[in-house]
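Values below: every heavy atom of this structure, side chains too, minus hydrogens, waters and symmetry copies. Every value quoted in this text rests on a predicted model; they were computed, and no experiment measured them. Letters A, B, ... are given to chains in the order of the sequence lines, protein chains preceding strands, and every chain is numbered from 1.
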Number of protein chains: 2
Amino acid sequence: MTTVSLELVQPKPQALFFQAMANPVRMQILNLLREKGSLNVTQICAGLGMEQTHVSHNLRCLAFCGLVTASRAGKSRVYSINAETVLPLLKIVDVHLRKYAANLLTCEGLER
Amino acid sequence: MTTVSLELVQPKPQALFFQAMANPVRMQILNLLREKGSLNVTQICAGLGMEQTHVSHNLRCLAFCGLVTASRAGKSRVYSINAETVLPLLKIVDVHLRKYAANLLTCEGLER
DNA sequence: ATGTCATATGACAACTGTGTCACTTGAGCT
DNA sequence: AGCTCAAGTGACACAGTTGTCATATGACAT
């Protein structure tokens, strides 16, 4: 049984959207792309000091959810941030964190 | 004493922020508050058809992370949404979901 | 076609979050 | 005080996500 809402807000995809961003590795990737523009997987691995497999797994998630876009360039695959959605989002969060970063880091249940 | 970061973006609190929103119940609470304004716990429970304990647990998280604010009113405790942060955020996400909702629902690794 | 570089995929153990239980605290009443 | 309604807390099992392993695919060059 599904509870149909009037405004047709669907909490499930909303939650999944945030879940896609709720990971330090994926956030690091997004921050790197937002700072440096388009990068391939090797550059991202180097920039973050991480294994290729790990980065690829997380890029797959980011791309599938529309947070980054991908395109081939020879042997490489170049990833760019979805500027329309992610940039304004991160700006809002940055402001929020100036007040609440300390709280978030100690919120039990969200211990990473 | 604030840790002011110029380019120093901290992925951990960022990820935790999104983690706080990455839950269907917490999203439902936020959507309800955004639609109906301030509500107490009993009203939220009734509105969502959920147990009080469950709702309280999630409200605690939301309040601690600064996504909602709380205040006493007699026996009740009234919760309101953090309009400054949450409303613009959800607007951006709503737009994104028009394109990517289907993807998010089938993104493996994010199966809820 | 074979080699090699660049990246993606599949599977699985370990850790983390979620939801439910029983219980406690707090506020207002008589 | 004791009673009752309103909401918060602690603990634990289950289910979900994460990161690492080994392996597979794709593209370019010789």
Side-chain angles (χ1 to χ4, degrees), chain A residues 11-13 15-29 32-33 38-65 68-80 104-112, chain B residues 11-12 15-29 32-33 38-65 67-80 104-112:
Chain A
K12 234 179 185 173
L16 287 168
F17 174 90
F18 290 114
Q19 175 93 17
M21 305 195 72
N23 175 292
V25 173
R26 293 196 285 274
M27 279 312 310
Q28 279 179 277
I29 293 174
L32 194 67
L33 288 176
S38 303
L39 295 174
N40 65 35
V41 179
T42 307
Q43 292 171 318
I44 296 173
C45 290
L48 303 179
M50 287 179 178
E51 286 189 31
Q52 178 264 315
T53 304
H54 194 193
V55 171
S56 274
H57 268 304
N58 284 291
L59 278 171
R60 176 190 160 92
C61 174
L62 289 172
F64 197 71
C65 298
V68 303
T69 56
S71 66
R72 269 224 171 268
K75 285 194 252 185
S76 300
R77 202 146 213 268
V78 175
Y79 287 89
S80 315
L104 282 155
L105 286 169
T106 57
C107 182
E108 50 183 79
L110 310 178
E111 294 146 21
R112 179 129 309 173
Chain B
K12 234 181 187 173
L16 287 169
F17 174 90
F18 289 113
Q19 175 91 22
M21 305 196 71
N23 174 293
V25 173
R26 292 196 286 274
M27 279 313 308
Q28 279 179 277
I29 293 174
L32 194 68
L33 288 176
S38 301
L39 295 175
N40 65 35
V41 179
T42 308
Q43 292 172 317
I44 296 173
C45 290
L48 303 180
M50 286 179 177
E51 284 190 33
Q52 180 263 314
T53 304
H54 193 193
V55 170
S56 273
H57 268 303
N58 284 292
L59 278 171
R60 176 188 160 93
C61 174
L62 289 172
F64 197 71
C65 298
L67 301 174
V68 304
T69 55
S71 65
R72 267 222 170 268
K75 284 195 254 185
S76 300
R77 204 145 211 268
V78 175
Y79 287 90
S80 315
L104 282 155
L105 285 169
T106 58
C107 180
E108 50 184 78
L110 309 178
E111 295 149 21
R112 178 128 313 174

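- Inter-residue side-chain proximity for A:S56 and A:V41 is flagged as met; some heavy-atom pair is nearer than 4.5 Å.
- Rounded to an integer number of Å, the gap from B:E51 CD to D:dA6 P is 16 Å.
- Remark: P of C:dT16 and CD of A:Q19 are 15 Å apart, rounded to the nearest angstrom.
- Using a distance-only test at 3.5 Å, with no hydrogens or angles considered, a donor-acceptor pair links the side chain of B:R26 to the main chain of B:A20.
- Atom CD1 in B:I29 sits roughly 13 Å away from atom C1' in D:dA7 (whole-Å rounding).
- Taking atom NZ on B:K12 and atom P on C:dT16, their separation rounds to 11 Å, with Å as the unit.
- Judged by distance alone, with hydrogens and angles left aside, the side-chain atoms of A:R60 form no donor-acceptor pair with the main-chain N or O of A:A63 at under 3.5 Å.
- Counting to the nearest Å, the P atom of D:dA7 and the CG atom of B:N58 are 16 Å from each other.
- Not a single donor-acceptor pair under 3.5 Å links the side chain of B:N23 to the backbone N or O of B:Q19.
- With rounding to whole Å, B:F18 atom CZ is found 19 Å from C:dG17 atom C1'.
- Counting only heavy atoms from C-beta outward, the side chains of B:Q52 and B:V55 never approach each other to under 4.5 Å.
- The two residues B:Y79 and B:L59 have their closest heavy-atom pair at CE1-CD1, 3.6 Å.
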Give me, pair by pair, the N or O atoms of the protein and of nucleotides 5-13 of chain C that are less than 3.5 Å apart, along with how far apart they are.
| from | atom 1 | to | atom 2 | distance (Å) |
| --- | --- | --- | --- | --- |
| C:dT7 | OP1 | A:V41 | N | 3.3 |
| C:dT7 | OP1 | A:R77 | N | 3.4 |
| C:dT7 | OP2 | A:T42 | N | 3.0 |
| C:dT7 | OP2 | A:T42 | OG1 | 2.1 |
| C:dA8 | OP1 | A:R77 | NH1 | 3.4 |
| C:dA8 | OP1 | A:Y79 | OH | 2.3 |
| C:dA8 | OP2 | A:S56 | OG | 2.7 |
| C:dA8 | N7 | A:Q52 | NE2 | 2.9 |
| C:dT9 | OP2 | A:R60 | NH1 | 3.0 |
| C:dG10 | O6 | A:H57 | NE2 | 2.9 |

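- Spacing between atom CG of B:N23 and atom P of C:dT20 amounts to 12 Å, rounded to whole angstrom units.
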